[in-house]
Amino acid sequence: MSENNRWFVMYTAPRAEKKVAERLSEKGVEVYLPMVEQVRQWSDRKKKVVVPLFNGYLFVKIPKDRLWEALQVNGAVKFVNFSGEHASVPQTEIDTIRRIIETGVSVEVNTDPIEKGEKVRILGGPLEGFEGECVQKSNQDYFIIRIPGINQNMLINVARKYLDVIKD
């Protein structure tokens, strides 16, 4: 993975994702914070709110030798590491997340280990052409996009009729 196409995964203080993203942007750092709209229920009302897709995480595109600089921002906690290596996400996965968010489809985020599903291609709708896995959960079909850099899965409910199984 070329140095220029790496997005490092930053862990932030709770509920500080937006502020950290703003502060980093002000310093000229390229940041991606995927946001989704949710309906929240209070005892007296319902309200639509925009929240981070991945709680506590944002993606930072910065040279590896400047990671320390990015951590100096108030609310930044650390960069995610696996086995001593900084977790990074390729540009293609960021593009996939962006495209899914832009379509406005309902996305569920999950950290549970999910068995490998059958390989499928989406035939219609806003995500037409996407290839990935399909798993059954609660008697519904979900299209999975795995984000290993943060051990998260994006689950999108897709009707079986819009899925074409890809044979090996």
Report task. Could you list all the ring-ring contact (aromatic ring centres under 6.0 Å, His included) pairs where at least one residue sits in residues 103-155, not counting sequence neighbours? Result -> none
[X] atom [atom1], neighbour heavy-atom count above 12 within 6.0 Å:
| X | atom1 | answer |
| --- | --- | --- |
| Trp42 | CH2 | yes |
| Glu115 | CD | no |
| Asp44 | CG | yes |
| Arg146 | CZ | yes |

Do you reckon [X] sits in the same ILVMFWY cluster as [Y], going by side-chain contacts under 4.5 Å, direct or chained?
| X | Y | value |
| --- | --- | --- |
| Val89 | Val109 | yes |
| Leu127 | Ile94 | yes |
| Val107 | Ile97 | yes |
| Val120 | Ile166 | no |
| Ile144 | Val105 | no |

Requested in this report: May I ask you to decide if Asn157's main-chain N or O and Asp141's side chain share a donor-acceptor pair within less than 3.5 Å?
Outcome: no
Requested in this report: Without swapping roles, check the side chain of Glu17 against the backbone of Gly56 for a donor-acceptor pair under 3.5 Å.
Outcome: yes
Non-hydrogen atoms of [X] and [Y] that approach each other most closely:
| X | Y | result |
| --- | --- | --- |
| Phe8 | Ile62 | CE1-O, 3.3 Å |
| Val50 | Lys18 | O-NZ, 3.3 Å |
| Ala76 | Ala70 | CB-O, 4.0 Å |
| Glu133 | Lys116 | OE1-CA, 3.4 Å |
| Arg99 | Pro126 | NH2-O, 3.5 Å |

Once you round to the nearest 0.5 Å, how far does [atom1] of [X] lie from [atom2] of [Y]?
| X | Y | atom1 | atom2 | result |
| --- | --- | --- | --- | --- |
| Asp112 | Gln152 | CG | CD | 10.5 Å |
| Phe82 | Ile150 | CZ | CD1 | 8.5 Å |
| Ile147 | Tyr57 | CD1 | OH | 12.5 Å |
| Asn151 | Phe54 | CG | CZ | 11.0 Å |

Less than 4.5 Å apart, any side-chain heavy atom of [X] and any of [Y]?
| X | Y | result |
| --- | --- | --- |
| Val60 | Phe79 | yes |
| Val51 | Val36 | yes |
| Lys137 | Asn110 | yes |
| Ile145 | Asn153 | no |
| Met10 | Leu71 | yes |
| Ser88 | Lys64 | no |

**Report entry** Pairwise side-chain hydrogen bond (donor to acceptor under 3.5 Å, both in side chains) hits with a residue in residues 120-131, at least two apart
**Finding:** Arg121-Glu131
**Report entry** CA sep, side-chain torsions, deciding dist, call: Ile114, Leu155, side chain to side chain contact (heavy atoms under 4.5 Å, CB included)
**Finding:** CA-CA 11 Å; Ile114 295 176; Leu155 300 172; 3.9 Å; yes
With sequence neighbours excluded, residues passing side chain to side chain donor-acceptor pair (under 3.5 Å) with [X]:
| X | value |
| --- | --- |
| Tyr11 | none |
| Arg98 | none |
| Arg40 | Gln38 |

For residues 19-35, which side-chain donor-acceptor pairs fall under 3.5 Å, sequence neighbours excluded?
unit_1 : atom_1 : unit_2 : atom_2 : d
Arg23  : NH1    : Asn74  : O      : 2.6
Ser25  : OG     : Ala21  : O      : 3.1

Requested in this report: I would like to know whether Leu53 and Met154 meet side chain to side chain contact (heavy atoms under 4.5 Å, CB included); could you show each step before the answer?
Outcome: CA-CA 9 Å; Leu53 178 62; Met154 294 171 63; 3.9 Å; yes
